Student: 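After the structure tokens below, expect a handful of questions from me.
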Amino acid sequence: MSKRIILLIIASILGLIALSLIQGYLIKNTYTLKKDAFISIAEEAINGIDDYETPLDSIDDAWSDTFIGEVDKFSVKAISKEQLLERLQTITDSLNPGFLREYHKIITKQKLGYNLKYHRTLQTIILTDSAKSKIIFKADSQKPFTLFGNVFRNNPDLYIGSSVWQTERSFSKEIKGIERNVSYQLYLKSSKEMNIDDLNIILFNQMRGLLLLSLFIFVFVIGVLYYSIKNLITQKKIADVKTDFINNITHEFKTPLATLSLATKILKKQKEIHREATTITTIDTIERQNVRLQKLVDQVLDNSLGYQEIVLQKEVVLVQDYFSTLINDFQLSLKEDSVNLNTTISNASTKISLDKFYMATAVLNILENAVKYGGSLINILVSVAKDELEVHIEDNGIGMPKKHLKDVFEKFYRIANQQIHDVKGLGLGLYYSSQIIKVHNGVILLESEKGKGSTFIIKIPFS
Ligand code: ADP
């Protein structure tokens, strides 16, 4: 991959990360805003109840009247601090069910659509008489005390506010036979808290549309980015392959053109001196090179055909006859004696329907490559497996690095830096073979390793 593409990928990934961070920040902000708005509505609902609902007020009054009686007893030491708190607990326990019933009725009327819990917890009780101030209860140092409402200690509470009840008492009481004046000041502070069941789920549901839209946009951007980069890489590959092809074809044209121009020069001279024999050999050379050029052009034109453009003329052939003739002809065409061909054809009597010409081209391209790319021993095995014909062509040539295996069937693809120098080719042979096999509804497979030879397997179904 080129440096430019790698940089582009890195920049896109960084851009995506930045985009997701901004998106995350915006979503978090929206969540906070929604939560605040939600809580303030809930708070309003509760404040409304607390301030104006008479049934709750009467419960509150009953509670304070009973409690103050107990504080009176404490102030004249008739009961201890612990007993006072125990009694406060008893009063609260007896009044709280009524409070909850009323609260539930009122909150249901508001049709909030969610379960809003509320309670008042005791913060401080201080009693001050002429002598001193006595702390009866302090939330920081004592176990929490719920005055009214639901108990929801395990969930995070949302603080609403605090309320203070301050009262002065003065009465006469007979203590140890003497009538005495007792006076004190009571300070009671409680805090109001609320709790909403499944607050996060409710908020998530409210934000569902936004979240889904964000997710969709995110996936869409990743998709578009992936597609663009993939396209870019493919385009780059195609451009590289095209450049290679132009280099190859120019290289191939060079020799015949040089020979042709030399031959023409010779012919020009010959005209003047009239030497018959040289003229004939020169014309032969021109013709030969012309044929070579023609062949090259034909090769490009024919071997570039895609499987959609190949029209088969199938005939039923005997596997044994067809392949043995094909391989014999190939052997005869080999100039090198150094190539050893081993052929095994099993199931001699099997017949198959194929296009004789095209199939021969497909197989010959592979056989020619086996020789071209260093093979000195070629094993050919033609066999019939289940309902298909299999042709294995194995060579002991230079082999191919694994990373190229899926590309060598691409049009114009050639492996650069081969150990064998100057092997001519246009990168069309394997492409054309694969197209011919494809149009026969077959498959072509390749196993190869650098330095260890290659094996091509062609499978053609009988039907
Ligand atoms: P070419 O005209 O280059 O031979 P092909 O399409 O026939 O084009 O092959 C594509 C590439 O695959 C070749 O350039 C070569 O690098 C590699 N190749 C094909 N057959 C063999 C083989 N039998 N052994 C090693 N490499 C091969």
Side-chain angles (χ1 to χ4, degrees), residues 237-238 240-256 292-293 295-307 309-310 326-327 330-331 333-336 338-343 358-381 391-439 442-458:
K237 248 189 188 170
I238 293 173
D240 288 350
V241 162
K242 275 191 179 153
T243 317
D244 282 355
F245 172 69
I246 289 166
N247 289 345
N248 288 337
I249 196 100
T250 328
H251 183 76
E252 294 287 333
F253 280 150
K254 250 185 199 163
T255 326
R292 188 162 144 65
L293 272 177
K295 247 187 172 176
L296 271 172
V297 173
D298 286 349
Q299 202 186 341
V300 175
L301 290 179
D302 294 346
N303 290 5
S304 293
L305 289 184
Y307 72 99
E309 294 139 332
I310 300 172
L326 176 71
I327 294 160
F330 172 68
Q331 193 148 28
S333 75
L334 287 177
K335 287 184 197 96
E336 297 95 340
S338 51
V339 180
N340 203 342
L341 222 64
N342 248 332
T343 312
Y358 278 120
M359 187 53 71
T361 312
V363 175
L364 284 175
N365 278 349
I366 295 168
L367 289 173
E368 278 161 11
N369 275 352
V371 178
K372 224 161 84 172
Y373 297 103
S376 56
L377 175 68
I378 303 172
N379 291 322
I380 306 166
L381 171 67
V391 184
H392 286 238
I393 301 171
E394 182 191 349
D395 69 58
N396 62 345
I398 58 171
M400 293 170 242
K402 287 247 180 296
K403 62 175 180 180
H404 292 291
L405 297 189
K406 66 176 189 340
D407 294 323
V408 288
F409 296 103
E410 299 285 325
K411 208 174 190 174
F412 303 133
Y413 195 90
R414 301 200 75 216
I415 303 175
N417 302 323
Q418 297 270 52
Q419 292 131 290
I420 297 185
H421 294 294
D422 210 22
V423 178
K424 287 178 183 165
L426 299 174
L428 283 169
L430 288 185
Y431 165 76
Y432 195 41
S433 295
S434 70
Q435 298 302 299
I436 293 171
I437 304 300
K438 193 166 178 182
V439 82
V443 284
I444 182 162
L445 308 170
L446 168 60
E447 290 162 11
S448 184
E449 214 175 304
K450 197 175 172 187
K452 293 200 176 157
S454 313
T455 306
F456 286 87
I457 302 157
I458 298 173

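If you're wondering where the values come from, they're calculated on a predicted model, not measured in any experiment. Whatever order the structure lists ligands and atoms in, that order sets their numbers, starting from 1.
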Student: Measuring from Leu377:CG to Ser338:OG, what's the distance to the nearest 0.5 Å?
Tutor: 11.5 Å
Student: Assess His404 for proximity to ligand 1: is some non-hydrogen atom of it under 4.0 Å away?
Tutor: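 No, His404 has no heavy atoms under 4.0 Å from ligand 1.
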Student: Any atom of ligand 1 sitting under 4.0 Å from a heavy atom of Asn365?
Tutor: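 Asn365: no contact with ligand 1 (<4.0 Å).
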Student: Just heavy atoms, cut-off under 4.0 Å: does Leu426 contact ligand 1 by side chain, backbone, both, or neither?
Tutor: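 For Leu426, only backbone atoms sit under 4.0 Å from ligand 1.
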Student: Would the distance check show the side chain of Lys411 and the main-chain N or O of Tyr431 forming a donor-acceptor pair, the cut-off being under 3.5 Å?
Tutor: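 Side chain of Lys411 to backbone of Tyr431: no pair is present.
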Student: I'd like to know if the side chain of Glu410 and the backbone of Asp407 have a donor-acceptor N/O pair within less than 3.5 Å.
Tutor: no
Student: Go through the steps for Gln435 and Ile310 under the test side chain to side chain contact (heavy atoms under 4.5 Å, CB included), then give the verdict.
Tutor: CA-CA 8 Å; Gln435 298 302 299; Ile310 300 172; 4.0 Å; yes
Student: Mind checking whether Phe456 and Phe409 have parallel, tilted or perpendicular rings, split at 30° and 60°?
Tutor: perpendicular
Student: Polar contacts were defined as any N/O atom of the residue lying under 3.5 Å from an N/O atom of the ligand; does this apply to Met400 and ligand 1?
Tutor: no
Student: Enumerate the atoms of ligand 1 whose separation from the nearest heavy atom of Gly429 is less than 4.0 angstrom.
Tutor: 5 (P), 6 (O), 7 (O)
Student: For ligand 1, which atoms, with element, lie under 4.0 Å from some heavy atom of Lys372?
Tutor: 1 (P), 2 (O), 4 (O)
Student: Which option wins on minimum heavy-atom distance to atom 17 (C) of ligand 1: Thr455, Ile415, Ile393?
Tutor: Ile415
Student: Number the atoms of ligand 1 from 1 as they appear, then name those within less than 4.0 Å of a heavy atom of Val408, with their elements.
Tutor: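 Close to Val408: 12 (O).
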Student: Tell me the contacting part of Arg414 for ligand 1: side chain, backbone, both, or neither, using a 4.0 Å heavy-atom threshold, strictly below.
Tutor: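 Both the backbone and the side chain of Arg414 come within reach of ligand 1.
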Student: Using a 3.5 Å distance criterion without hydrogens, assess whether the side chain of Asn365 forms a donor-acceptor pair with backbone atoms of Leu430.
Tutor: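 No.
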Student: If we check side chain to side chain contact (heavy atoms under 4.5 Å, CB included) with Ile378, which of these qualifies: Asn396, Ile366, Thr343, Val371?
Tutor: Val371
Student: Under the criterion side chain to side chain contact (heavy atoms under 4.5 Å, CB included), I'd like the reasoning laid out for Thr455 against Leu446: C-alpha separation, chi angles, the key distance, then a yes or no.
Tutor: CA-CA 6 Å; Thr455 306; Leu446 168 60; over 6 Å; no
Student: Check each of Tyr373, Phe409, Tyr413, Tyr432 against atom 4 (O) of ligand 1 and report the one with the nearest heavy atom.
Tutor: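 When every heavy atom of Tyr373, Phe409, Tyr413, Tyr432 is considered, Tyr373 comes closest to atom 4 (O) of ligand 1.
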Student: Is Gly427 close enough to touch ligand 1? Criterion: a residue heavy atom under 4.0 Å from a ligand atom.
Tutor: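 Yes, Gly427 has heavy atoms under 4.0 Å from ligand 1.
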Student: Would you mind listing which atoms of ligand 1 come within a distance below 4.0 Å of any non-hydrogen atom of Leu428?
Tutor: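 In order of numbering, the contacting atoms are 6 (O), 8 (O).
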